[in-house]
Asks: 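The structure under discussion is supplied below as structure tokens; questions concerning it will follow.
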Amino acid sequence: MGAIDSLDALRARYRAPGERARRKVIERLDVHCRTFIAHAPFLVIGTAAADGGPGDVSPRGDRPGFVHVVDDRTILIPDRPGNNRLDTLTNILENPEVSAIFMIPGFEETLRLNGRASLTDDPALLEDLAMGGKPALIAIRVAVREAYIHCNRALRRARLWDEASKPDRGILPGGGRMVHEMAGLAGDPEEADRTYNEGTRKLY
């Protein structure tokens with residue numbers, strides 16, 4: 001009851017997209033896309049397993065310009081030390097279709113890309129992507145198929161960059177403690193939080 005199970009039923013809930021929405025998707029990285037990527041210190045990349053299993057949405061962040069634009073259809077995203085689960089990278093090996101959304105602090109618009117990804121360990125490329133004096137571990141090469149600016153309503157509704165909208169950090173414990181308790185690990189949660197904080201201070 002109340003299930004939406006057809007495109008017609010879905011479309012009946014929404015107005016038809018306007019001309020701007022229909023035509024905004026381009027097949028290359030124009031000057032606006034390039035400028036956005038050059039100033040974005042943060043992106044989220046989405047991947048999916050080939051068998052239709054759980055997908056992965058993973059944050060990537062560094063100094064502005066950490067993602068390199070090779071040409072108007074290709075970008076390189078560096079991969080740096082993390083939790084070593086390799087969810088994103090494993091999915092790319094199985095299913096190269098990826099999506100990414102780029103954010104610039106203070107900007108309410110975002111840049112969205114869709115394309116096909118591959119992995120490279122070319123030493124020269126990894127050195128070009130170095131930060132903190134250390135080359136990237138792997139580079140994700142994305143052949144861009146679609147690029148477009150996403151409207152600002154979501155970030156405006158969220159008041160994402162509004163200092164007054166930030167909740168008190170005390171509403172949740174530290175990341176180490178949350179992982180420790182969610183995973184049901186033995187030992188002192190406070191010590192787990194201290195270890196987590198010490199480990200994540202090392203960025204590269």
Side-chain angles (χ1 to χ4, degrees), residues 36-37 39-67 75-95 97-114 117 119 126 129-140 142 150 152-204:
F36 205 107
I37 292 170
H39 290 82
F42 182 76
L43 68 89
V44 177
I45 183 169
T47 60
D51 63 2
D56 180 65
V57 180
S58 179
R60 295 287 190 274
D62 219 312
R63 300 169 195 165
F66 78 101
V67 174
I75 63 172
L76 290 171
I77 304 172
D79 194 71
R80 310 207 189 277
N83 60 23
N84 297 318
R85 285 175 52 96
L86 309 185
D87 297 317
T88 296
L89 305 182
T90 301
N91 281 347
I92 288 172
L93 292 176
E94 297 179 359
N95 177 1
E97 294 295 325
V98 301
S99 296
I101 186 165
F102 290 77
M103 295 184 183
I104 300 174
F107 281 60
E108 293 176 329
E109 289 76 23
T110 56
L111 173 66
R112 294 179 61 172
L113 302 181
N114 297 318
L119 306 180
L126 300 185
L129 295 166
M131 284 285 182
K134 294 187 177 180
L137 296 174
I138 287 288
I140 302 171
V142 180
H150 196 94
N152 58 19
R153 288 176 179 166
L155 270 65
R156 292 182 69 184
R157 291 180 185 127
R159 297 166 58 199
L160 187 64
W161 310 119
D162 185 349
E163 287 292 324
S165 72
K166 290 183 178 180
D168 188 298
R169 183 61 185 85
I171 64 172
L172 286 168
R177 179 167 189 151
M178 284 191 283
V179 172
H180 185 88
E181 294 178 347
M182 291 168 70
L185 300 175
D188 180 8
E190 295 297 334
E191 178 58 30
D193 213 31
R194 286 191 292 272
T195 302
Y196 170 87
N197 288 333
E198 290 171 3
T200 55
R201 287 193 189 101
K202 187 177 181 181
L203 300 180
Y204 303 107

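Just so it is clear, the model here is predicted, and its values are computed rather than measured.
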Asks: Nearest 0.5 angstrom please: Ile92 CD1 to Asn95 CG, how far?
Replies: 9.5 Å
Asks: Which atoms form the tightest heavy-atom contact between Ala40 and Ile104, and what is the distance?
Replies: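 Answer, listing the atom of Ala40 first, then Ile104: CA-CG1, 3.8 Å.
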Asks: I'd like to know if the side chain of Ser165 and the backbone of Asp162 have a donor-acceptor N/O pair within less than 3.5 Å.
Replies: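 Pair found, side chain donor or acceptor close to backbone of Asp162.
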Asks: Do other residues, nucleotides or ligands put more than 12 heavy atoms under 6.0 Å from the CZ atom of Phe107?
Replies: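 No.
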Asks: Under the side-chain contact (heavy atoms from CB on, under 4.5 Å) rule, what do Phe66 and Leu129 come out as? Steps first, then yes or no, please.
Replies: CA-CA 7 Å; Phe66 78 101; Leu129 295 166; over 6 Å; no
Asks: Between Leu89 and Asp87, does the side-chain contact (heavy atoms from CB on, under 4.5 Å) criterion hold? Intermediate values first, please.
Replies: CA-CA 6 Å; Leu89 305 182; Asp87 297 317; over 6 Å; no
Asks: Just by modelled atom types, is the Pro173 backbone N or O under 3.5 Å from a matching donor or acceptor in the Arg169 side chain?
Replies: yes
Asks: Would you call Arg201-Glu198 a salt bridge at under 4.0 Å N-O?
Replies: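 Looking at Glu198 together with Arg201, the answer is no, because their closest N to O distance does not fall below 4.0 Å.
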Asks: Nearest heavy-atom pair of Lys134 and Arg80: which atoms, and what distance?
Replies: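 Where Lys134 meets Arg80 most closely, the heavy atoms are O-NH1, 4.2 Å.
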Asks: Using atom types as modelled, flag every donor-acceptor pair under 3.5 Å from a side chain in residues 46-57 to any protein atom, sequence neighbours excluded.
Replies:
from, atom 1, to, atom 2, distance (Å)
Thr47, OG1, Asn91, ND2, 3.0
Asp51, OD1, Gly53, N, 2.8
Asp56, OD2, Thr88, OG1, 2.5

Asks: Heavy-atom distance under 4.5 Å between the side chains of Val142 and Ile140, does that happen here?
Replies: yes
Asks: Closest approach of Leu86 and Asn83, non-hydrogen atoms and distance?
Replies: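 Of all heavy-atom pairs spanning Leu86 and Asn83, the closest is N-OD1, 4.4 Å.
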Asks: Between Arg177 and Glu181, does at least one N-O distance fall below 4.0 Å, as a salt bridge requires?
Replies: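 Yes.
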Asks: What heavy-atom pair brings Ala192 and His180 nearest, and what distance separates the two atoms?
Replies: CB-ND1, 3.5 Å
Asks: Tell me which one of Ile101, Thr110, Leu111, Val67 satisfies side-chain contact (heavy atoms from CB on, under 4.5 Å) with Leu43.
Replies: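 The side-chain contact (heavy atoms from CB on, under 4.5 Å) with Leu43 is passed solely by Val67 among Ile101, Thr110, Leu111, Val67.
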Asks: If you take all heavy atoms of Gly176 and Asp193, which pair is closest and at what distance?
Replies: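 Heavy atoms only, the tightest pair is N-OD1, 3.0 Å.
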Asks: How many angstroms lie between CZ in Phe36 and CE in Met103, if you round to the nearest 0.5 Å?
Replies: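 Here the rounded value is 9.0 Å.
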Asks: Could you grab the distance from atom CG of Leu137 to atom CG of Leu126, nearest 0.5 Å is fine?
Replies: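 The distance works out to 8.0 Å.
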Asks: Checking side-chain polar atoms at under 3.5 Å, does Arg60 have a donor or acceptor matched by the opposite partner on Ser58?
Replies: yes
Asks: Just wondering, do Leu113 and Phe102 contact through their side chains at under 4.5 Å, heavy atoms?
Replies: yes
Asks: Which heavy atom of Met131 sits nearest to which heavy atom of Tyr204, and what is that distance?
Replies: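 So the minimum-distance heavy-atom pair works out to CB-CE2, 3.3 Å.
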Asks: Take a 6.0 Å sphere around CZ of Arg156 and say whether it holds more than 12 heavy atoms from other residues, nucleotides or ligands.
Replies: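 For Arg156, atom CZ is not crowded (no more than 12 foreign heavy atoms under 6.0 Å).
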